[in-house]
Amino acid sequence: MARRLGRIYKGLGRLVTLSAMWYMKHPIHSVSLRSPPVRSMAVLPSFSFLKPRDFSLPNSSWGSDMMQLYEHYNSMCEVETEGGEKQEGPWKRLPSYNRLLKHATGGAYLSKMIQSKARLFTRNIREPGAGFEYVVFINSEEQKCVCILQAGHLLEGPPGNVHGGAIATMIDTVAGYIASLSGVVMTVNLNINYRSPIPLGSTVVIESFLDKKEGRKNFISCKITSPDGTKLHTEATALFLSINLNHLMGR
């Protein structure tokens, strides 16, 4: 029994050393604890960190319209000054993973305790091109968000076209990005007008704007158009309410 415990402690020692080496190269903000053993355990990586998949990056399923729009907005994420130096542009591409909590600071451990099998609704289909294939760019100064969406075959509603609920999901998602610039928000109301169907496999542009803010209320407008903007598929308005994070966690 004593030998077995000794082997366990040696194994933990190696694990803690590896953890310390990893965090020296990849520092994060963490809460300092007084007890060294507890602190070491608190910052242990999950060892599934080999590189999480960022679903917002191009993959083999993306069509030409999707790629052209991606390159257009991605080119505005970095601009070149007169002196030839590069700096951040007005737009920013938002990374997208299959669980928000897991990739927040310290969230790898919380994600194992809080519904460890949970996955983000729009990112729970791993087959490229089968479900919600999208990338989001945001312009904080203009309070504007653009999403490029390619709808996969698993999102069918009317034969050959995207389900209305899938469209509503993306409107809720994209509008939520703009509303969350001020902090944690929850959807209160979505008012959607479907103008024309969206064929499966096609690419559309979802634009979302902050219309006004009244206290905790965030009023958002949103529209979905064809890549060239000539065809209106859907338009919507939304109301999001800023909330305390403890309320979201049920405390």
Side-chain angles (χ1 to χ4, degrees), residues 54-57 66 69-79 88-101 103-105 107 120-124 131-151 155 162 164-195 198 203-229 231-245 247-249:
D54 184 348
F55 287 79
S56 70
L57 294 175
M66 183 87 173
L69 287 166
Y70 171 84
E71 290 169 357
H72 170 70
Y73 283 99
N74 200 50
S75 67
M76 294 189 286
C77 293
E78 191 176 65
V79 295
E88 289 186 2
W91 290 88
K92 180 179 180 181
R93 179 184 63 84
L94 300 182
S96 183
Y97 306 103
N98 61 9
R99 194 170 194 202
L100 299 178
L101 178 61
H103 301 285
T105 302
L120 195 65
F121 180 47
T122 57
R123 295 302 194 191
N124 64 4
F132 298 95
E133 203 67 58
Y134 67 96
V135 55
V136 176
F137 292 90
I138 195 163
N139 188 320
S140 300
E141 291 184 4
E142 296 182 8
Q143 300 283 283
K144 179 181 178 180
C145 187
V146 170
C147 171
I148 309 161
L149 168 68
Q150 181 178 285
L155 303 183
V162 182
I167 297 171
T169 294
M170 287 309 302
I171 289 174
D172 187 24
T173 298
V174 179
Y177 278 121
I178 283 295
S180 62
L181 286 176
S182 60
V184 182
V185 296
M186 293 289 284
T187 312
V188 175
N189 175 268
L190 284 177
N191 185 17
I192 303 174
N193 293 310
Y194 298 93
R195 301 301 186 188
I198 299 175
T203 297
V204 294
V205 177
I206 308 174
E207 295 180 89
S208 185
F209 311 85
L210 176 65
D211 292 330
K212 63 179 179 178
K213 184 175 176 64
E214 295 179 354
R216 294 169 57 203
K217 296 179 180 180
N218 301 272
F219 296 88
I220 312 293
S221 60
C222 191
K223 65 177 181 178
I224 303 179
T225 64
S226 57
D228 60 6
K231 188 170 187 178
L232 178 65
H233 290 287
T234 314
E235 56 186 352
T237 57
L239 170 61
F240 288 82
L241 190 67
S242 298
I243 64 169
N244 186 288
L245 184 59
H247 178 74
L248 181 64
M249 303 300 290

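- Considering OH of Tyr177 and CG of Leu94, their distance stands at 6.0 Å, rounded to 0.5 Å.
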*Could you please spell out the steps behind the side-chain contact (heavy atoms from CB on, under 4.5 Å) verdict for Ile224 and Val205?*
CA-CA 6 Å; Ile224 303 179; Val205 177; over 6 Å; no

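- With sequence neighbours excluded, the residues satisfying side chain to side chain donor-acceptor pair (under 3.5 Å) with Glu235 are Arg195.
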*I would like to know whether Phe137 and Trp91 meet ring-ring contact (aromatic ring centres under 6.0 Å, His included); could you show each step before the answer?*
CA-CA 6 Å; Phe137 292 90; Trp91 290 88; 7.2 Å; no

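- Here the side chain of Gln143 pairs a donor or acceptor atom with the backbone of Ser140 at under 3.5 angstrom.
- Atoms CG and CG, from Leu241 and Asn189 in turn, are 12.0 Å apart once rounded to the nearest 0.5 Å.
- Residue Lys223 qualifies as open at atom NZ: its count of foreign heavy atoms under 6.0 Å is 12 or below.
- Put simply, CZ on Phe240 and NZ on Lys217 are 15.0 Å apart, with the number rounded to the nearest 0.5 Å.
- For the pair Val185 and Ala179, the tightest heavy-atom approach, listed with the atom from each and the gap, is CG1-O, 3.5 Å.
- Ile148 contributes atom CD1, which lies 5.0 Å from atom CG of Leu69 (distance to the nearest 0.5 angstrom).
- For the salt bridge (charged side-chain N to carboxylate O under 4.0 Å, His left out) test, no residue two or more places apart in sequence or in another chain qualifies with Arg123.
- Shown here is Tyr194, whose OH atom has more than 12 heavy atoms of other residues, nucleotides or ligands within 6.0 Å.
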_Under the criterion side-chain contact (heavy atoms from CB on, under 4.5 Å), I'd like the reasoning laid out for Tyr134 against Ser96: C-alpha separation, chi angles, the key distance, then a yes or no._
CA-CA 9 Å; Tyr134 67 96; Ser96 183; 4.0 Å; yes

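- To the nearest 0.5 Å, atom OG1 of residue Thr225 and atom CD1 of residue Ile206 are 9.5 Å apart.
- Closest approach of Phe219 and Glu214 over heavy atoms only: CE1-OE1, 3.8 Å.
- Considering only residues two or more places apart in sequence or on other chains, Arg216 meets the salt bridge (charged side-chain N to carboxylate O under 4.0 Å, His left out) condition with none of them.
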